[in-house]
2 protein chains.
Amino acid sequence: MSPIAKIKTDGSTEEKIKDAARKLFMQKGFEATKTRDIANEAGINLALLNYYFRSKEKLFEIIVKENMGQFMEIISNIVNNEKTTIQDKVEALVANYIDMLTQFPDMPLFIMNSIKVDPERIKIRQRFSGSYFMKQINEAIKAGKIAPMNPMNIMLNIVGLTIFPFVARPMFLNKGGITIEEFGTLMQERKKLIPGWIKSMLEAKK
Amino acid sequence: MSPIAKIKTDGSTEEKIKDAARKLFMQKGFEATKTRDIANEAGINLALLNYYFRSKEKLFEIIVKENMGQFMEIISNIVNNEKTTIQDKVEALVANYIDMLTQFPDMPLFIMNSIKVDPERIKIRQRFSGSYFMKQINEAIKAGKIAPMNPMNIMLNIVGLTIFPFVARPMFLNKGGITIEEFGTLMQERKKLIPGWIKSMLEAKK
DNA sequence: GTCTATAATTCGATAGAC
DNA sequence: GTCTATCGAATTATAGAC
């Protein structure tokens, strides 16, 4: 089981600290999260944080790496499946991301910020470009089955349509906006709509 | 002229501080930006920051407000024009955003983070939902001219397709990725592509 | 492993001279 | 208006007892 998916922990002190850190880092970012907050949230003593993780920075690196791993794992499995069609993969990507982000809505902004601070941290792009999915796309373009375009657009559109609403989520939930439940419903609707939109994009003749 | 568009300043100390603050806050966020960094960047003394702006927080609020203003101004003018069609508005929104973000690529992440910390800061959503644009959309849906759907999806798709690449930009520019120039070219291509994609979305029958 | 107490540093802000 | 010097609070990290 991937680290972030495990809500219930084994109750060890180390896990308690990591869970608290994950929650707070995602909510407020690295700088705004204080070691004291993490200790309080975890219900442990401040000194234990350094005992287990040596420093706030090291703890942060661990959390980031685990989140990245979660993100990449989803992508890799779907994108390198040689038995599914392009459209199957789009549906799977969209559905999996929306399900994960519904559970951890702060993740996209957290990851984007982490990448900005240290761009070497992640290789999502490479994960896409070297994939079987991209091979399928390129062949389909060559065969004239989908509109000719820079394949990066396809990746940007799938990910953008899926993830952006979660990045913009705080904008919707403020006073006078929609409720968390309504937002969730909208995302479930989009789970079905996005693949159709992508399909019509791929088919569009210019 | 809107504040953020003015790169060349009048050279006053106040402007020098604001320019330095704008640059650093956008690059690194509020917490990670130190008042000493701002003073250095501006080439002035640390004490002057407080002399002009009283506190780091107040300075930040000013920068955020100016950026938000820039964003909203673009939207409002386009979205409330009663003489243009839906498709005209989509083209104008996409083109204006891409041009602005090409100049200030850090802005989306900065604004998203600012909204997350204080969701009351911005009313982009209301700007959309009360607009003439939305009236046109709703009428077109009623008339059966575009596919029936929650209009929020249309807004999310326009903004998501346009802005998301800039949020994800750091991911593309790292080692082994594409150059800044190639990214710029890709965005210019998207300026032409996105309106077509939106069009086919609106027309798609389910 | 866990705690208390504290060292060491950083940072925002201000006092006061010019 | 601008600078130097410094205060005071907050924060990370550690020493040392249990």
Using the rule given for side-chain hydrogen bond (donor to acceptor under 3.5 Å, both in side chains), can you reason through B:Gln136 versus B:Lys89, listing the C-alpha separation, both sets of side-chain angles and the distance that settles it, and then say yes or no?
CA-CA 11 Å; B:Gln136 285 178 299; B:Lys89 289 187 178 61; 2.7 Å; yes

Quick check: on DNA chain D, is the nucleotide nearest B:Thr13 upstream (toward 5') of the one nearest B:Leu46, or the reverse? Name the residue that is more 5'.
B:Thr13

Is there a residue in residues 30-41 of chain B whose heavy atoms reach under 4.0 Å of DNA chain D, and which residues are they?
none

What distance separates A:Ile198 CD1 from A:Ile86 CD1, expressed to the nearest 0.5 Å?
11.5 Å

Given side chains that start at C-beta, do those of B:Lys116 and A:Met171 come closer than 4.5 Å, heavy atoms only?
no

For DNA chain D, just give me the dot-bracket, please: Watson-Crick or G-U, both distances below 3.5 Å, ( ) intra-strand, [ ] crossing earlier pairs, | paired with another strand, . unpaired.
||||||||||||||||||

What parts of residues 49-59 of chain A reach DNA chain C, counting only heavy atoms under 4.0 Å away?
A:Tyr51, A:Tyr52

Between P of D:dT11 and CG of A:Leu24, the distance in whole Å
13 Å

For A:Lys199, side-chain hydrogen bond (donor to acceptor under 3.5 Å, both in side chains) partners two or more places apart
none

Using a cut-off of 6.0 Å, state whether more than 12 heavy atoms not belonging to A:Lys23 lie near its atom NZ.
no

Interface limits on DNA chain C, where chain A has a heavy atom under 4.0 Å of a nucleotide atom
C:dG1 to C:dT4

Minimal non-hydrogen separation, [X] against [Y], with atom names:
X	Y	answer
A:Ile17	A:Ile38	O-CG2, 4.0 Å
A:Pro108	A:Ile163	CB-CG2, 3.7 Å
B:Ile98	B:Thr102	O-OG1, 2.6 Å
A:Ala42	A:Lys16	CB-O, 3.5 Å
B:Glu82	B:Tyr132	CA-CE2, 3.4 Å

Parallel, tilted or perpendicular: rings of A:Phe60 and A:Phe25 (30°, 60°):
perpendicular

Can you label the angle between the B:Phe133 ring and the B:Phe128 ring as parallel, tilted or perpendicular, going by 30° and 60°?
tilted

Residues that A:Tyr97 engages under ring pair (Phe, Tyr, Trp, His ring centres under 6.0 Å), provided they are two or more places apart:
A:Phe71

